[in-house]
Amino acid sequence: ITSFPPRRPSELKGGTSDLTISGPNLTVDNDLILSSTARTLRLDTNNPEVEVLGDVTIASGFGITHGTADWEFSGTTTYTDNNAVPVDIGNASVTGTLTLASDIQTGNLTLTGTLDAASYTIKVDVTFDYTVGTFTYGTSTVELTFDGDWNGKAGVTYLYKAIVDTRVT
């Protein structure tokens, strides 16, 4: 799978088998709905970049095994992860507008577009870089874990709530 057609949601569902994306990139021109429980989207085989222009919805029980490439949110996206503990999507970049409707967990998070965190937690395992872009933090929590790093805009040194956890568990 390398691209889904425009103007209709793309839904991955059914069965209990993993779905492996082995191409160089996956572009979703509209919404991406990961709707089956006990299923995993595997992105660790050839490390494809996943670009989403629409909304992302992850069902409770759906997992993601990420590689080293980025998830790029390049459109106007509402991100919803219905798992009690959000899945780790790996590295992510926001070049469009990303609005959180749930907590999100990433490796690196690079912001050159707009991120509206509302009241949700952003868990970043490596680096949160928003030297450019717009971060609307609302009443959100930014949690930097392990070797997490914060690269904010010059003159912007505040968050609503931050948790820094350097313990290796």
Side-chain angles (χ1 to χ4, degrees), residues 1 3-13 19 21 25-37 39-44 47-130 132-145 148 150-152 159-163:
I1 297 174
S3 182
F4 288 117
R7 289 190 282 290
R8 65 178 187 194
S10 299
E11 186 168 7
L12 303 177
K13 64 178 182 176
L19 176 63
I21 306 298
N25 296 307
L26 171 65
T27 300
V28 181
D29 295 324
N30 203 343
D31 299 344
L32 176 60
I33 302 166
L34 304 173
S35 67
S36 180
T37 60
R39 189 128 189 230
T40 300
L41 175 62
R42 295 190 57 93
L43 302 170
D44 59 338
N47 298 308
E49 179 178 288
V50 177
E51 180 181 11
V52 180
L53 286 85
D55 297 339
V56 173
T57 303
I58 302 171
S60 177
F62 200 100
I64 295 174
T65 302
H66 62 80
T68 57
D70 284 358
W71 280 73
E72 181 181 355
F73 301 102
S74 61
T76 300
T77 302
T78 299
Y79 181 90
T80 307
D81 183 340
N82 291 298
N83 287 288
V85 175
V87 296
D88 181 351
I89 64 171
N91 298 328
S93 62
V94 179
T95 59
T97 299
L98 178 63
T99 302
L100 297 184
S102 69
D103 296 346
I104 189 171
Q105 181 174 349
T106 69
N108 290 308
L109 178 59
T110 303
L111 176 61
T112 59
T114 300
L115 172 59
D116 183 353
S119 61
Y120 298 102
T121 297
I122 302 167
K123 185 175 181 183
V124 180
D125 290 334
V126 185
T127 298
F128 185 176
D129 184 350
Y130 94 104
V132 297
T134 302
F135 177 43
T136 305
Y137 56 84
T139 57
S140 67
T141 299
V142 174
E143 184 176 342
L144 302 174
T145 58
W150 169 264
N151 296 323
L159 295 170
Y160 182 79
K161 181 178 180 181
I163 298 172

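Here the structure is a predicted model, which means the values were calculated and not measured. Side chains included, hydrogens not; waters and symmetry mates left out as well; all remaining heavy atoms used.
Sequence neighbours left out, the pairs with a member in residues 93-107 that pass side-chain hydrogen bond (donor to acceptor under 3.5 Å, both in side chains) are E72-T95, Q105-D125.
Centroid-to-centroid, the aromatic rings of F135 and F128 come within less than 6.0 Å.
Counting only distance, with no hydrogens or angles, the side chain of D88 and the backbone of G90 share a donor-acceptor pair below 3.5 Å.
For D44, the side chain to side chain donor-acceptor pair (under 3.5 Å) criterion is met by R42, not counting sequence neighbours. Listed by chain and residue number, nothing satisfies the side chain to side chain donor-acceptor pair (under 3.5 Å) test with D70 (two or more places apart in sequence, or in another chain). Every residue was checked against the side chain to side chain donor-acceptor pair (under 3.5 Å) condition with D116, not counting sequence neighbours, and none meets it.
At a threshold of 4.5 Å between non-hydrogen side-chain atoms, the residues V94 and T114 do not count as touching. Under the 4.5 Å side-chain criterion, counting only non-hydrogen atoms from C-beta, I89 is in contact with Y79. Side-chain contact between L111 and D129: absent, with no pair of heavy atoms (C-beta onward) separated by less than 4.5 Å. Side-chain contact between I64 and L43 is present, with heavy atoms from C-beta onward closer than 4.5 Å.
For the atom pair CG of D81 and CZ of F62, the computed distance is 11.0 Å after rounding to the nearest 0.5 Å. To the nearest 0.5 Å, atoms CG (L115) and OG1 (T134) are separated by 10.0 Å. Atoms CH2 and CG, on W71 and L109 in that order, are 14.0 Å from each other to the nearest 0.5 Å.
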Show me the side-chain donor-acceptor pairs of residues 48-58 shorter than 3.5 Å, one per line, residues at least two apart or across chains.
unit_1	atom_1	unit_2	atom_2	d
E51	OE2	S74	OG	2.8
D55	OD1	T78	N	2.8

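Nearest heavy atom pair, residue T68 against residue N47, reads N-OD1, 2.9 Å. Contact detail for L100 and A118: the closest heavy-atom pair is O-CB, 4.2 Å. The minimum heavy-atom distance linking A101 with T80 is given by the pair CB-OG1, 3.4 Å.
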